[in-house]
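To start, the structure itself, in structure tokens.
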Amino acid sequence: MFTIVSKESIAPSEFDIWIKAPRIAQQAKAGQFAVLRLDESGERIPLTIADSDENKGLIRFIFQVVGKTTAKMSMLNIGESILDILGPLGTPSKIKNYGSVLMIGGGVGIAALYPIIKALKIENNRVITILGGRTSDHVIMKDECAKYSDKLIITTDDGSEGTKGVVTDAIRALIKNGENFDYSWCIGPTIMMKYCSLTAKEINLPIYVSLNSLMVDGTGMCGCCRVSIDSKILFTCVDGPEFDGQKVDWNELMNRLKQYKTEENKSSEKYLSEVGEHPWL
Amino acid sequence: MALDFSKDKTPIKEQDPNLRIKNFEEVCLGYSLHEGMLEATRCINCKTKPCVSACPVSIDIPTFIKQIKENDLKAAATTIDKYTNLPAVCGRVCPQESQCEGVCTVGKIKGFQPVAIGKLERLVADWKYTNKKTSKSENIKNSFKKGNVAVIGSGPSGLTVAGDLAKLGYKVIVFEALHSAGGVLTYGIPEFRLPQKIVETEISAMRKLGVKIECNVLVGKTITMQEIMQKFDACYISVGAGTPLFQGIKGTNLNGIYSASEYLTRINLMHSYKFPLYDTPVKMVKNVAVIGGGNVAMDAARCAKRLGAKNVTVFYRRTLDELPARIEEYFHAVEEGIRFSWLTNPIEYSDNGKGEVASIKCIRMELGTPDESGRRRPIPIKDSEFSLKVDCVIEAIGQGANKVLLDTFPELELNKKGYIKADPKTGATSVQGVYAGGDIVTGAATVILAMGAGKTAAIAIDEYIKNKKTNK
């Protein structure tokens with residue numbers, strides 16, 4: 001059992017929790033994730049480890065309510081537990097001094113990007129960060145990202161904060177202003193990672209993306225999370241979750257992500273009819 | 001020679017095929033005590049006992065059968081317990097036809113079937129668990145004084161090492177990556193062949209011996225091999241083969257195409273056949289194709305039938321003669337209406353325009369000269385392609401070595417295929433104090449072979465630690 005020690009609502013239907021998991025906290029590195037199962041009848045879902053505190057034995061998850069499991073998880077309070085957490089999983093981010101790095105985060109993906117920003121800054125990279133969201137409320141972890149960035153740019157779809165527009169506009173603006181980058185990371189909604197990868201290709205910028213494939217075990221045992229990278233079948237759980245964004249077959253990934261949409265909706269509807277609508281959803 | 005017993009095995013009750021394709025309950029219902037005693041009389045207690053030497057864990061088969069005949073199941077249980085920690089599992093999933101029963105002296109007599117050794121073992125094990133108090137093994141007090149051993153992976157091989165070493169007085173911790181113990185017994189073999197309750201009972205018997213099982217620990221990630229080497233006197237790696245192979249033909253990543261590992265894990269470990277009561281879904285569709293001819297392919301096909309599929313077809317590139325699956329499982333599958341398309345190999349999957357698999361294109365094969373495995377090599381027949389409508393495909397074409405642990409422990413020598421190099425006589429690897437066995441050494445094989453490797457390694461680990469402690 002893994003006990004929740006703190007919980008905060010940080011954006012509409014987004015939550016920030018710290019959980020007691022000493023072994024995982026000791027091993028977790030930027031870019032890794034864990035697989036969680038809430039209870040006996042629960043599914044196994046992957047979530048990026050947003051931060052860890054080795055001394056206190058804590059790990060942090062930031063999640064958005066998107067279906068039954070995350071809705072149920074949002075109901076858990078401090079002192080309550082998650083039945084199973086396995087981690088840290090996946091290959092850590094390649095952290096080193098690249099020189100100048102461009103970090104692009106969108107929506108709840110910002111939580112996955114944050115530990116990489118932090119680790120790259122500790123390695124003395126020049127870090128320029130772009131965070132995007134639908135509205136100002138959806139751009140999370142601004143202060144934390146700012147702390148480890150030399151420059152932080154915010155874009156919102158509705159212009160409620162920062163520049164009105166999407167993150168790829170901000171990338172182009174930076175390049176137009178003569179900025180030069182040695183490497184980049186983009187973590188966010190799949191469609192955003194796809195377009196950032198296309199933009200990166202245009203400007204000849206190497207880019208890492210962190211894929212959010214469906215998973216079951218998370219240890220390379222089942223192949224549910226397989227993706228095509230440069231036409232080769234690889235597993236997100238062990239070979240990733242980070243891949244060269246220019247080599248990902250994005251359309252295939254997006255297709256695989258909708259594989260259980262009907263079942264997921266059925267499950268959510270059934271759950272909400274049992275517990276009633278959550279006021280925050 | 002006048003033999004006063006039946007030529008055939010005592011018939012065993014099974015769930016009717018028409019009923020069982022609608023549930024996940026066990027197909028074989030087992031012998032009653034009376035039936036078991038009757039079957040036991042078919043053992044002639046021959047001098048040569050070929051069954052014992054054909055058993056990977058050398059169970060004293062004639063003795064326990066004699067004890068059944070004498071209506072002393074308690075004694076029979078004690079006999080079996082000396083050799084195996086998982087009798088209820090072995091009695092159900094061992095390929096007896098190619099081991100003990102394959103060499104049975106009675107079976108060698110013209111017109112006679114061998115003694116139903118597997119079913120008798122199952123009878124004894126099931127009896128033991130329903131008459132708990134009489135089990136001797138549960139009363140063993142473990143002093144834990146002889147040393148500490150880490151076992152990585154809680155499948156049949158790991159559990160065997162753990163049980164044997166606990167009985168010898170070692171403190172054993174088993175690390176399991178998944179949320180439930182049992183390895184392939186839990187995530188792989190379906191409920192209707194091996195009920196989860198049976199696996200749980202055998203594992204809890206192991207816990208009573210003092211074995212500690214820690215789930216949610218992926219060695220190499222959650223804790224390192226270095227930590228294990230520091231904290232334990234020895235360790236045994238039994239992580240299973242564990243990574244599915246795909247044919248990699250066009251369309252492999254379409255929705256509705258599974259590896260058998262994923263399909264069975266969803267159904268067995270995650271209980272997706274009870275969706276939405278359990279949260280994990282699995283595709284429940286009309287036309288299912290299974291690729292491959294092993295036990296895993298049979299399990300997947302029979303699961304698909306139980307999930308309501310109307311047409312389930314197994315595509316195998318050789319013929320029934322070469323089918324690697326247990327013959328009993330093949331017959332069960334046929335009874336359940338599974339179709340077999342022999343000498344057929346898929347070459348392409350196409351979609352329905354929505355990213356879901358809709359048809360499978362196959363090519364007919366013919367058998368050529370034997371390959372390195374000794375089986376005749378299938379060769380495609382030119383211009384024999386044909387297509388079939390499918391809604392779901394399950395590829396059960398085998399597994400490769402899972403690299404998660406191995407990549408973090410480069411000191412460990414591997415063989416050409418990427419599996420761990422271990423001495424077959426001891427399980428010793430290239431690293432002192434590190435032993436290995438089961439599928440991660442042999443590649444995908446059977447439960448009982450993995451258990452046999454565990455038995456051998458437990459003896460070697462005991463020797464190793466004793467020597468280490470005396471030389472200190």
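Worth knowing before you read on, the calculation uses all heavy atoms, side chains too, and leaves out hydrogens, waters and symmetry mates. A note on names: the letters A, B, ... follow the listed sequences, proteins ahead of strands, and every chain is numbered from 1.
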So do the side chains of A:L47 and A:M73 get within less than 4.5 Å of each other, counting heavy atoms only? yes

The interface call for A:Q32 against chain B, heavy-atom contacts under 4.5 Å, is side chain

Can you tell me which portion of B:S180 sits under 4.5 Å from chain A's heavy atoms? Options are side chain, backbone, both or neither. neither

Any side-chain to backbone donor/acceptor pair from A:R44 onto A:V216? Under 3.5 Å, distance only. yes

Structural part of A:I85 lying under 4.5 Å from a heavy atom of chain B: backbone

Specify which of A:A34, A:S41, A:A28 makes the most heavy-atom pairs with chain B at under 4.5 Å. A:S41

When the 4.5 angstrom heavy-atom criterion is applied to A:V227 and chain B, the contacting part is backbone

In the structure I gave you, are the side-chain heavy atoms of B:E176 and B:C215 within less than 4.5 Å of one another anywhere? yes

Which residues from residues 251-259 of chain A are near chain B, with near meaning under 4.5 Å between non-hydrogen atoms? A:E252, A:N255, A:R256, A:K258, A:Q259

Interchain contact, A:S228 with chain B, by part (heavy-atom threshold 4.5 Å): both

Does this structure show an ion pair linking A:R23 with B:E214, if we count only N-O contacts that are shorter than 4.0 Å? yes

Would you mind checking which part of B:H271 comes under 4.5 Å of any heavy atom in chain A, side chain (CB onward), backbone (N, CA, C, O), both or neither? neither

Aromatic plane relationship, A:F235 with B:F246 - under 30° parallel, 30 to 60° tilted, over 60° perpendicular: perpendicular

Using heavy-atom distances under 4.5 Å, tell me whether B:T265 contacts chain A through its side chain, its backbone, both, or neither. side chain

In terms of heavy-atom proximity below 4.5 Å to chain A, should B:K354 be classed as side chain, backbone, both, or neither? backbone

Counting heavy-atom pairs under 4.5 Å with chain B, the top scorer among A:L86, A:I24, A:D217 is A:L86

Can you find a heavy atom in the side chain of A:K29 that is under 4.5 Å from one in the side chain of A:I95? no

A:K261 and A:E264: CA distance, side-chain angles, deciding distance, salt bridge (charged side-chain N to carboxylate O under 4.0 Å, His left out) verdict: CA-CA 5 Å; A:K261 268 285 167 277; A:E264 284 161 10; 3.3 Å; yes

Quick one: what part of B:N402 sits under 4.5 Å from any heavy atom of chain A, side chain, backbone, both or neither? side chain

For the pair A:K266 and A:E269, find out whether any cationic side-chain nitrogen is under 4.0 Å from an anionic carboxylate oxygen. no

Below 4.5 Å, heavy atoms only, C-beta onward: do A:W250 and A:L211 meet side chain to side chain? yes

Contact origin within B:Y263 toward chain A - heavy atom pairs under 4.5 Å: neither

Best-contacting candidate, B:I223, B:T222, B:N255, against chain A by heavy atom pairs under 4.5 angstrom: B:N255

Whether over 12 other heavy atoms sit under 6.0 Å from B:K231 NZ: no

For A:I207 and A:C196, which heavy atoms make the closest approach, and how far apart are they? CD1-O, 3.9 Å

Count the heavy-atom pairs under 4.5 Å between each of A:G218, A:P88, A:A21 and chain B, then report the option with the highest count. A:P88

Residue selection (most heavy-atom pairs with chain B, distance under 4.5 Å) from A:I233, A:L83, A:L38: A:I233

Portion of B:L264 that has a non-hydrogen atom of chain A nearer than 4.5 angstrom: neither

In terms of ring plane angle, is the pair B:F232 and B:F175 parallel, tilted or perpendicular, where the classes change at 30° and 60°? perpendicular

Could you tell me whether A:K247 atom NZ has more than 12 heavy atoms of other residues or ligands within 6.0 Å of it? no

Bottom line for B:V282: the part with an atom under 4.5 Å from chain A's heavy atoms is backbone

What I want to find out is whether A:D16 reaches A:R60 closely enough, with some N-O distance under 4.0 Å, to be called a salt bridge. yes

